[in-house]
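Single-structure report; data block below.
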Protein chains: 2
Amino acid sequence: MHDPTERVSIRDIAKAAETSVSTVSRALNDHPDVSPETRERIMRIAEAYGYERNMFAHGLISGRSGLISVIMPNIDYDYQLQFLRGMAHAAERFDQELLLTVKETASDTIDACRSLYRRGISDGAIVFQPPVEGAAALRELQAAGFPMVAFHPPFPMPGLTSVEPMDHEGAMMAVRHLLALGHQRIGIIVEDTQRTAGQERLRGYEDALREAGVSLDPALVIVVPPNQPHASGRAGIQQWLAAGTDFSAVFCFNDLVAYGAIQELAAHDRRVPEDVSVVGFDDIPASLHYGRAGLTTVKQPITQIGELALETLLHLCDGGTTPGQRIQVPVELVVRGTSSAARQPRIWDDSVVRPEPPTASEPLEPL
Amino acid sequence: MHDPTERVSIRDIAKAAETSVSTVSRALNDHPDVSPETRERIMRIAEAYGYERNMFAHGLISGRSGLISVIMPNIDYDYQLQFLRGMAHAAERFDQELLLTVKETASDTIDACRSLYRRGISDGAIVFQPPVEGAAALRELQAAGFPMVAFHPPFPMPGLTSVEPMDHEGAMMAVRHLLALGHQRIGIIVEDTQRTAGQERLRGYEDALREAGVSLDPALVIVVPPNQPHASGRAGIQQWLAAGTDFSAVFCFNDLVAYGAIQELAAHDRRVPEDVSVVGFDDIPASLHYGRAGLTTVKQPITQIGELALETLLHLCDGGTTPGQRIQVPVELVVRGTSSAARQPRIWDDSVVRPEPPTASEPLEPL
DNA sequence: CTGTTAGCGCGTTCAG
DNA sequence: CTGAACGCGCTAACAG
């Protein structure tokens, strides 16, 4: 027996097993050239001593640390915790440790990746929503031998493996759902159309309306700046109400935007879903219990996505895949309490002049 | 100049500076015995090459990795993200990397700590809500030379440095607030009174009532099992309503419990705060925008606590402190929309038989 | 099958 | 002030 709390080296067990360190090393690493008895004896002793190999020594020679990095810009959306959870699970399954780095600016993000690589600290990295300006640098790093997976990149980055949700599909599901409930005047509050997420969700919104033969009204599209979801939701509703825009349903960029929108609607005595239906995106945990009966939203399997990202990265690290593939993850509509049938057929449906027939609409500029 | 993406070793820059590796090492580490010119030249070149020292080599010799671990049981409460955020900030300030480990069971948690130490991976660990069963093992590890900080331990663990919020104070603030609003029948839904958190919050509740000369009614105390806050909140309210217990205010173990309670109240057409005032604990980000005007709650400065925990740990690592101190972090009442003045003086205040005078009350057994 | 030896990249002795 | 040599813990290549 041995103090399970003491550090123990390969030498200690060599001494105890009365053999040389190299034999021990071979036994421990399943090399062929060890006699069954010696191996058995060594393994027993190693077990008893609770041997665990030193990371530095192993890393120095193997060139791998067993550490995987996640790099996130800011860290404030519950979504990220779910993502981390998935990664942590996968990491455990593969006996990897998880390194968390938070960098706010684009250049800091790039620097962090580079540094992690150059110091030999991590074997690869998952870059969470990589900055627009970082595309070239990331590709270079990848090429230089540092495996990376971009989660939800701002745009397709050739040469960089990426994992992303099906934004377009999700948006279509949301809007089709609202259409099926009889809504015609459906608004969208969408973040930052410079990035795929915003672009694709907006496109999905438009395509669903077009598909249903519902006219696109630019007044129903509100583009908001990123990173202030709650305020954006409120602002979007305010803008419509102030302009007297007619709407009976809103598709929101994400769940937090939806919360903001609902709160603003409440402040103006519009009831959800009786007066206005609201659909979010992401399905963060809070949405399950949101309000009386939960938020209707497009669910991303966030935790699984985290696992998938990590698995994909490990695969890359092992040279099992060539970089550059783009993995799209299906999303799913979850109907809960914030959406319901449109109250009544709109009067202008039959009597008043209808808006222009379906046509492409330019999104508004960011606020 | 040099490819900023290439790995560069101390040898490379020795060659470029036309000197030996040891001189370079000395220059880089601010040792005295280097001539100003040589140092200058070396620094310039290192800068140009973007030299960063190899973690393995450095760790092997220095015995330190520059990695700090956080170990969390599960990972699902938004609170944890805020905590991580604080740690990430502090880690960056001190040029440390952050390792995230999630272990569900007590023995896995202990094993993880031990392994992290014995493999040399991390210089120390912050153990988030350490398991009850782990106390002895953690103390041993600490004694063996692995610095640890326990965040919110289940009970005071002598010999282990800990950081924890002022549970008792916070509970008193919450209940005093409700008392000041004129509430007399104040319930508490508290998690798991085996751990300090539950114990102290319950004690604070009792002390505040006692202080105000309000009788303690065991029927107003509901103890719920841990890890299902939302359901617990609902269950608590249900229990009171089913039993016909009179109450006009509820102090909840945390914000999620409060959400559950409010939802259940709504389901029974009790309005918050008009019919029932509700106060939470923690102040997670969602509470700011909760409902119409936010959740009244006891705010833990979570992010700062994360920073503090990390700083405390680093201090320990540097031998600046002896293990064992217990750091209590002040909390603060945040009054928002879910608490308001009691509707009317309770009739029985003057006419009906009052419950027993103030006396210690046994908490109920967990559900 | 086994033990000895070199070296991974760096910091730290030592002589010079 | 500088450079060469050693060793951190481990593995791979080479002798035996």
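As the structure is a prediction and not an experimental result, all values here were calculated from the model. Just so it is clear: chains get the letters A, B, ... in the order the sequence lines come, proteins before strands, and each one is counted from 1.
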The helix from C:dC1-D:dG16 to C:dG16-D:dC1: angle between end helix axes, five pairs per end, rounded to 10 degrees: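 Roughly 60°, once rounded to the nearest ten degrees.
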Range on DNA chain D touched by chain A - first to last nucleotide, heavy-atom distance under 4.0 Å: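 Result: D:dC8 to D:dA13.
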Under 4.0 Å, heavy atoms only, any strand: does [X] hit a base, just the sugar-phosphate, or nothing?
| X | answer |
| --- | --- |
| B:Ser9 | sugar-phosphate |
| B:Ser25 | base |
| B:Arg11 | sugar-phosphate |
| B:Arg53 | sugar-phosphate |
| B:Ser35 | sugar-phosphate |
| A:Thr38 | sugar-phosphate |

First of B:Phe56 and A:Arg39 reached from the 5' end of DNA chain C, by closest nucleotide: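 Result: A:Arg39.
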Taking every non-hydrogen atom, the tightest pair across A:Met148 and A:Leu316: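 Heavy atoms only, the tightest pair is O-CD1, 3.4 Å.
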Is there a donor-acceptor pair closer than 3.5 Å between any side-chain N or O of [X] and the backbone N or O of [Y]?
| X | Y | value |
| --- | --- | --- |
| A:Arg7 | B:Tyr117 | yes |
| B:Thr161 | B:Val149 | no |
| A:Asn29 | A:His31 | no |
| B:Ser25 | B:Val21 | no |
| A:Asp123 | A:Ser65 | yes |

Of B:Ser20 and B:Leu60, the one whose closest DNA chain D nucleotide lies more 5':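 This one resolves to B:Ser20.
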5′-ward residue of the pair B:Ile61/A:Arg26 relative to DNA chain D: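 Upstream on the strand: B:Ile61.
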Full working for side chain to side chain contact (heavy atoms under 4.5 Å, CB included) between A:Glu97 and A:Met55: CA-CA 11 Å; A:Glu97 303 293 331; A:Met55 179 209 207; over 6 Å; no
Salt bridge present between A:Arg114 and A:Asp111 (N-O < 4.0 angstrom):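 Answer for the salt bridge query: yes.
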Carboxylate-amine/guanidinium proximity below 4.0 Å for A:Arg93 and A:Glu311: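 Yes, A:Arg93 and A:Glu311 are salt-bridged.
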B:Arg85-B:Gln82 side chain donor-acceptor pair, cut-off 3.5 Å: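 Their side chains do contain a donor-acceptor pair, which is all the 3.5 Å distance test asks for.
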Where chain A begins and ends its contact with DNA chain C, read 5' to 3' at 4.0 Å from heavy atoms: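 Answer, 5' to 3': C:dC1 to C:dG9.
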Parallel, tilted or perpendicular: rings of A:Phe128 and A:Tyr79 (30°, 60°):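 Perpendicular: the ring planes of A:Tyr79 and A:Phe128 meet at over 60°.
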